[in-house]
Amino acid sequence: PLITSIPNIKGLKKLFCTECITLQTIPNIKGLEKLDCSYCPLIESIPNIKGLENLYCSNCPLIESIPTIEGLKILDCSYCPLIESIPNIKGLKELECYECPLIESIPTIEGLKELYCRDCPLLNLIPTIEGLKELDCSYCPLIESIPTIKGLKILICSRCPLISYIPNIKGLKELDCSYCPLIESIPNIERLEILDCSYCPLIN
């Protein structure tokens, strides 16, 4: 028989139900720490599970929103075409929202360390998130500039056609601004270790 539901199992810490194509709902399991329900085409919502730390719900085409789960550390909601916004979850450490066609902005999430928002139609600037270490905003066609984020170590902004300027971020270790046709120069970033500025026709 095909799985259409998961029992509310007392004491369960981790739930993996990836690619359960007939699963329709996720129970609100008290004490659950990790949930991976990626590639479940019939799931419409994620319950606000108190204490959940890791949530992976990518490629769930019917999910429209993510609840504000207090204490969540990792959120991957990539490839969810109906999600319109990301909740501002204080303490979230890693956010992946690749290719979400309705997400137009990222909140200033206190404590965020890694932000991967590739191929999202962001209308405004990337927020200046204090303490952010990694940023991948490649393939974002509407971003016009990158903020000077103190402490950023990895910046990937390739294939952003409107970006014309890269800030001099002290301590940056890796920069990929390839295929950015408006960038005219690369800042002299002290101790930069990896640089990819391929196919930037205005750099001389």
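Quick caveat: nothing in here was measured; it's all calculated off a predicted structure. Because only heavy atoms are used, hydrogens play no part in the values below, and waters and symmetry mates are left out as well, while side chains stay in.
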Scan the side chains in residues 6-15 for donor-acceptor partners under 3.5 Å anywhere in the protein, sequence neighbours excluded, and list what turns up.
residue: Asn8; atom: ND2; partner: Asn28; partner atom: O; Å: 3.2

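- Residues Ser158 and Ile156 are in side-chain contact: their nearest non-hydrogen atoms beyond the backbone lie under 4.5 Å apart.
- The side-chain heavy atoms of Asp136 and Tyr98, taken from C-beta on, include a pair separated by under 4.5 Å.
- Of all non-hydrogen atoms in Glu99 and Cys120, the two that sit nearest each other are N-SG, 4.1 Å.
- In the hydrophobic clustering, where aliphatic and aromatic side chains (Ile, Leu, Val, Met, Phe, Trp, Tyr) are joined below 4.5 Å either directly or transitively, Leu202 stands alone.
- Counting only heavy atoms from C-beta outward, the side chains of Glu96 and Tyr56 never approach each other to under 4.5 Å.
- Counting heavy atoms from C-beta on, the side chains of Ile74 and Leu55 never come closer than 4.5 Å.
- Rounded to the nearest 0.5 angstrom, Ile3 CD1 and Ile21 CD1 are separated by 11.0 Å.
- Counting only heavy atoms from C-beta outward, the side chains of Lys173 and Arg191 approach each other to under 4.5 Å.
- Of all heavy-atom pairs spanning Ile109 and Ile129, the tightest one is O-CG2, 3.3 Å.
- Side chains of Leu115 and Leu132 form a contact here, defined as non-hydrogen atoms less than 4.5 Å apart.
- For Tyr39, the ring-ring contact (aromatic ring centres under 6.0 Å, His included) test picks out no residue, with sequence neighbours left out.
- With sequence neighbours excluded, no residue satisfies side-chain hydrogen bond (donor to acceptor under 3.5 Å, both in side chains) with Gln24.
- For residues 61-75, the set of pairs meeting the side-chain hydrogen bond (donor to acceptor under 3.5 Å, both in side chains) definition, not counting sequence neighbours, is empty.
- Taking Thr22 as the reference, Leu2, Thr4 meet the side chain to side chain contact (heavy atoms under 4.5 Å, CB included) condition, with sequence neighbours excluded.
- None of Pro127, Cys117, Pro141 except one satisfies the side chain to side chain contact (heavy atoms under 4.5 Å, CB included) rule with Leu122; the exception is Cys117.
- Distance check: Lys34 NZ to Leu52 CG gives 10.5 Å after rounding to the nearest 0.5 Å.
- Annotation: the span from Asp196 atom CG to Leu175 atom CG amounts to 8.5 Å, rounded to 0.5 Å.
- Put simply, CD on Glu134 and CD1 on Ile154 are 3.5 Å apart, with the number rounded to the nearest 0.5 Å.
- Under the 4.5 Å side-chain criterion, counting only non-hydrogen atoms from C-beta, Ile146 is not in contact with Cys160.
- Distance check: Ile166 CD1 to Ile189 CD1 gives 8.0 Å after rounding to the nearest 0.5 Å.
- Alongside Leu102, the hydrophobic cluster contains no other residue (criterion: ILVMFWY side chains under 4.5 Å).
- Residues Phe16 and Ile26 are members of separate hydrophobic clusters, defined by side-chain heavy-atom contacts under 4.5 angstrom among Ile, Leu, Val, Met, Phe, Trp and Tyr.
- Every residue two or more places apart in sequence or in another chain that forms a side chain to side chain contact (heavy atoms under 4.5 Å, CB included) with Cys20 is listed here: Cys17, Leu23, Cys40.
- Nearest approach of Pro167 to Pro187, heavy atoms of both residues: O-CG, 3.8 Å.
- Of all non-hydrogen atoms in Leu152 and Leu155, the two that sit nearest each other are CD2-CB, 4.0 Å.
- Smallest separation of non-hydrogen atoms from Pro67 and Pro87: O-CG, 3.9 Å.
- For the pair Ile83/Ile103, a side-chain contact is recorded, criterion being any heavy-atom separation below 4.5 Å from C-beta on.
- Within the structure, no pair that satisfies the side-chain hydrogen bond (donor to acceptor under 3.5 Å, both in side chains) test touches residues 146-156, not counting sequence neighbours.
- For Ser78, the side-chain hydrogen bond (donor to acceptor under 3.5 Å, both in side chains) criterion is met by Asp76, not counting sequence neighbours.
- When the side-chain hydrogen bond (donor to acceptor under 3.5 Å, both in side chains) test is applied to Ser45, no partner is found at least two apart in sequence or on another chain.
- A distance of 10.0 Å separates CD of Glu19 from CG of Asp36, quoted to the nearest 0.5 Å.
- Under a 4.5 Å side-chain heavy-atom criterion applied to ILVMFWY residues, the cluster that includes Leu142 comprises Leu123 as well.
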